[in-house]
Amino acid sequence: MVRVRFAPSPTGLPHIGNLRTALFNWLFARHHGGVFVLRIEDTDVARKVEGAEEAILSSLRWMGLDWDEGPYFQSGRLPLYQKTARALVESGHAYHCFCSTERLDEMRREQMRRKMPPGYDRLCRNLTPAQREELLALGITPVIRFRIPLEGQVRFNDLVKGQVTFNHSTLDDFVLLKADGFPTYHLANIVDDHDMRISHVLRADEWLASTPRHLLLYQALGYEPPQFVHLPMILSDDRSKLSKRHGAVSVTEFQVQGFLPQAMVNFMALLGWSLDDHTEILTQEELVRHFSVERLARTGAIFNREKLEWMNGVYLRKLTLEDFIGMAQSYLERDLPPSVPRPLNRGYLLQMAPFIQERARTLGEVSGLADFFFLVDVNYEVGLLLKGIEKDAHKQGRDVAEATPMAVEALDKAMEALEQAAVFEPEPLEQAFRVLGEELGLSPGGFFGLLRVALTGRTASPPLFNTISILSRERSLTRLAVARGKLEPTRL
RNA sequence: GCCCCCAUCGUCUAGAGGCCUAGGACACCGGCCUUUCAAGCCGGUAAUCGGGGGUUCGAAUCCCCCUGGGGGCACCA
């Protein structure tokens, strides 16, 4: 029976590295019809962050990673760890250490200075019972350290790294139980993985170095160790370990920016795993069906935001119009200036949404792409109006200065045409304006470009005549008039 | 400093001795479509497979060395 777990510590917002680990564990469990356990490793009282736990749960839910057991909290299982630590002392696999933090710090400084590998010098390892009683009598609360065998080596077969060997001599007597009675990660992790009958440990590469300690612990406890699978890490742009200081790496942040969970899942799955030499887009079901440890990569991967954005665009376009509108609406209502009345009109959204859906890469981009549909006034530089017309003037061998009167005339005629338009639909409008453009001696690019800027305030927009018909006759006329005013301020 | 891991286009990756004059994707550059921008389609640039030795008839693929990168070395996880 496959039993895996995701065991984050609530020390901050979960970042994509954490969630990718969760995803792989979840995929592995689902693929094998196993159990996915959620366990919160809250054994560090000092580093605990308020709200982190909730953020972890909500990120998992958002990504669709449902768990079958838990969340278990290590803080609620203290007696179990303490009992285990005591048993280890009794069996001779661990011992009490009375060294002060100050002494330890000094020791490490000295080791570094002498270019020696830092590590506990085992001062307390062979304390006699009498010495121990003496220190205890002084009121010092000892920690419990694991007694690493002096000779020999640990060897294990990691499912992605293969055979890995560590000499005991490179391992130091690490702490199992802290003075505050809380276990360290090493102890709690092993006790729980055993207690929860975890069969496979899929965790980030950074844990590889502590695996020999864990194996020795399993051995001392007489527990059967799980299979280890060390996942390649997700790297920041400079190839270093991802951390909070590397910008927007929390999953919550991606959610806020308007990435879809399906895209996140798909993209993250491809960071360190691949199906074959060509498949990029996979649904969650397909990922479950195909996921396998054999196809995990062994190298770290830089998180390529560009590609994520592309993929998110793909998912956005796959949405039904109704679903897209549902999501776009909340982002629009969040991002549009307060002058735009809420709630947004559903029927109006239905008209403009198709043109935005094929252009947006994230939902956060929607308002920037569509604001002119909602604003009362659009803002732009006058010069933008003339760009295309100037080109036409130049082509006709006329002076650039003539562009302004040309544009004014074009706007006047355009307003007339809009007023007279019998059917306010894209096709008839286009027909009428093409004819008009010819009459004005303007190229479609010049004429339509002028109108585009006047109506949307920008040089790139959805198709012009769709835009006009969505905006309505009245609003279009107003904007053309405003544009005219910008060109001839004195005559206004 | 010590220990461990890793090494294919800028990035994500395919490749498990001959299908590789190294494939796909993002990005980039062209073209088509087109009123603009997207989307879509077509095409292109881009890795002497980190370097050097082996093994082999044959190596991106196996072995060794070097180099480079990363991770770990807390009473943090």
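What's counted below: heavy atoms across the whole structure, side chains too, no hydrogens, waters or symmetry copies. In what follows, chains carry the letters A, B, and so on, assigned in the order in which the sequence lines appear, proteins first and then strands, with residues in each chain numbered from 1. Note that the coordinates shown come from a computational prediction; the quantities given were computed from them, not determined experimentally.
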In whole angstroms, the gap separating C1' of B:rC26 from CD1 of A:Ile302 amounts to 13 Å
Side-chain atoms of A:Lys115 come closest, of B:rC75, B:rG1, B:rA77, to B:rG1
Without hydrogens or angle criteria, can the side chains of A:Thr279 and A:His290 be said to hold a donor-acceptor pair below 3.5 Å? no
> B:rC2 and B:rC66: how far apart are their P atoms, nearest whole angstrom?
Replying inline: 13 Å
Regarding the side chain of A:Arg452, the nearest nucleotide among B:rA77, B:rA14, B:rU36 is B:rU36
Taking B:rA25, B:rG1, B:rG71 as options, the one with an atom nearest any side-chain atom of A:Glu280 is B:rA25
Measuring only the C1' atom in each nucleotide, how far is B:rC33 from B:rA38? A whole number of Å is fine.
12 Å
- Item | C1' gap between B:rU45 and B:rC6, integer Å | 29 Å
I'd like a table of atom pairs between the protein and nucleotides 5-10 of chain B - only N or O on both sides, under 3.5 Å - with the distance next to each one.
residue, atom, partner, partner atom, Å
B:rC5, O2', A:Lys161, NZ, 3.0
B:rC6, OP1, A:Arg298, NH1, 2.7

> Between A:Arg108 and B:rC73, does any side-chain N or O lie under 4.0 Å from OP1 or OP2?
Replying inline: no
Phosphate contact (B:rA77 OP1 or OP2) by A:Thr11 side-chain N/O below 4.0 Å
no
Residue pair A:Gly445/A:Val175 against RNA chain B: nearer the 5' end by closest nucleotide is A:Gly445
### Task
For the pair A:His186 and A:His214, name the ring-plane relationship: parallel under 30°, tilted 30 to 60°, perpendicular over 60°.
tilted
Any strand, both distances under 3.5 Å, Watson-Crick or G-U wobble: B:rG1 pairs with B:rC73
Among the nucleotides B:rG1, B:rC76, B:rG72, whichever has the atom closest to the side chain of A:Pro118 is B:rG1
Task: A:Arg434 side chain near B:rU35 phosphate (N/O to OP1/OP2, under 4.0 Å) - done: yes
Does a side-chain N or O of A:Lys391 approach OP1 or OP2 of B:rU36 to a distance below 4.0 Å, or not?
no
_With no hydrogens and no angle check, just 3.5 Å: does a side-chain donor-acceptor pair link A:Asn266 and A:Tyr315?_
yes
Could you give the distance separating B:rC29 and B:rA39 at their P atoms, to the nearest angstrom? 13 Å
Pairing partner of B:rC49, by Watson-Crick or G-U wobble and under 3.5 Å for both distances, is none
*asked:* What's A:Gly446 touching, base or sugar-phosphate or nothing? Going by heavy atoms closer than 4.0 Å.
replied: nothing
Between NZ of A:Lys241 and P of B:rA77 the distance, given in whole Å, is 13 Å
Across every strand shown, the nucleotide meeting Watson-Crick or G-U wobble geometry with B:rU21 (both distances under 3.5 Å) is none
Q.
Taking the basic N atoms (NZ, or NE/NH1/NH2) and the acidic carboxylate oxygens, is any pair closer than 4.0 Å for A:Lys307 and A:Glu280?
A. yes
So SG of A:Cys124 and CG of A:Leu135: to nearest 0.5 Å the spacing works out to 7.0 Å
Original post:
Under 4.0 angstrom, heavy atoms only, what part of the nucleic acid is A:Pro212 near: base, sugar-phosphate, or nothing?
Top reply: nothing
When rounded to whole Å, the CZ to P distance for the pair A:Phe166 and B:rC2 reads 16 Å
How far, in whole Å, is B:rU13 from B:rC49 if one measures between their C1' atoms? 13 Å
- request: Look at the rings of A:His96 and A:Phe98 and say which category their plane angle falls in: under 30° parallel, 30 to 60° tilted, over 60° perpendicular.
  value: tilted
Practice problem: Could you check A:Leu349 against A:Leu332 for side chain to side chain contact (heavy atoms under 4.5 Å, CB included), going step by step and ending with a plain yes or no? | Solution: CA-CA 10 Å; A:Leu349 284 167; A:Leu332 278 168; 3.7 Å; yes
Could you measure between the two P atoms, the one in B:rU61 and the one in B:rG53, and give it in whole Å?
14 Å
(request) Tell whether A:Glu206 reaches the base of B:rG70 with its side chain through a donor-acceptor pair below 3.5 angstrom. (result) no
Test ring pair (Phe, Tyr, Trp, His ring centres under 6.0 Å), reference A:Phe267, set A:Phe303, A:Phe259, A:Trp273, output is A:Phe303
Exercise for review: Ignoring backbone atoms, test whether A:Arg359 places a side-chain nitrogen or oxygen under 4.0 Å from the OP1 or OP2 oxygen of B:rG40.
Suggested key: no
Answer for the Watson-Crick or wobble partner of B:rG43, both distances under 3.5 Å, is B:rC29
| message | Over all strands shown, is A:Thr279 touching base, sugar-phosphate only, or nothing at heavy-atom distances under 4.0 angstrom? | response | nothing
(message) Does this structure show an ion pair linking A:Arg109 with A:Glu106, if we count only N-O contacts that are shorter than 4.0 Å?
(response) yes
In whole angstroms, the gap separating P of B:rG69 from CG of A:Leu242 amounts to 20 Å
Should A:Lys387 be listed as having a side-chain N or O under 4.0 Å from OP1 or OP2 of B:rU36? no
Rounded to whole Å, CG of A:Asn167 lies from P of B:rC73 at a distance of 19 Å
| field | Cation-pi geometry met for A:Lys161 and A:Phe228 (6.0 Å, 45°) | value | no
Against the side chain of A:Leu271, the closest entry in B:rA77, B:rC12, B:rG1 is B:rC12
note: A:Phe448, atom CZ; B:rU34, atom P; distance rounded to Å ~ 14 Å
ask   = Will you find, in the side chains of A:Gln74 and A:Asp42, an N or O donor that is under 3.5 Å from an N or O acceptor?
value = no
Out of B:rU35, B:rA77, B:rG69, minimum distance to the side chain of A:Arg239 belongs to B:rG69
Does a side-chain N or O of A:Arg109 approach OP1 or OP2 of B:rG1 to a distance below 4.0 Å, or not? no
Check: What integer number of Å spans the P atoms of B:rA59 and B:rC20?
Finding: 16 Å
Sorted by position of nearest nucleotide on RNA chain B, 5' first, the leading residue of A:Arg295 and A:Pro444 is A:Arg295
Regarding A:Pro232, tell me which of base, sugar-phosphate or nothing describes its non-hydrogen contacts under 4.0 Å with the strands shown. nothing
- In terms of ring plane angle, is the pair A:Trp207 and A:Tyr185 parallel, tilted or perpendicular, where the classes change at 30° and 60°? parallel
Per atom distances to the A:Glu306 side chain, the nearest of B:rC75, B:rC3, B:rA27 is B:rA27
Between B:rC4 and A:Thr211, is there an OP1 or OP2 to side-chain N/O distance shorter than 4.0 Å? no
Separation of B:rU34 atom C1' from A:Leu464 atom CG, nearest Å, is 13 Å
Discussion item. Looking at A:Lys307, I'd like to know whether one of its side-chain N or O atoms comes within less than 4.0 Å of OP1 or OP2 on B:rU13.
Written reply: no
Measuring only the C1' atom in each nucleotide, how far is B:rC64 from B:rU56? A whole number of Å is fine. 16 Å
| message | Once you apply a heavy-atom cut-off of 4.0 Å, does A:Met112 come out as touching a base, just sugar-phosphate, or nothing? | response | nothing
- Task: Would you please confirm or rule out a distance under 4.0 Å between OP1 or OP2 of B:rA77 and any side-chain N or O of A:Arg39?
- Result: no
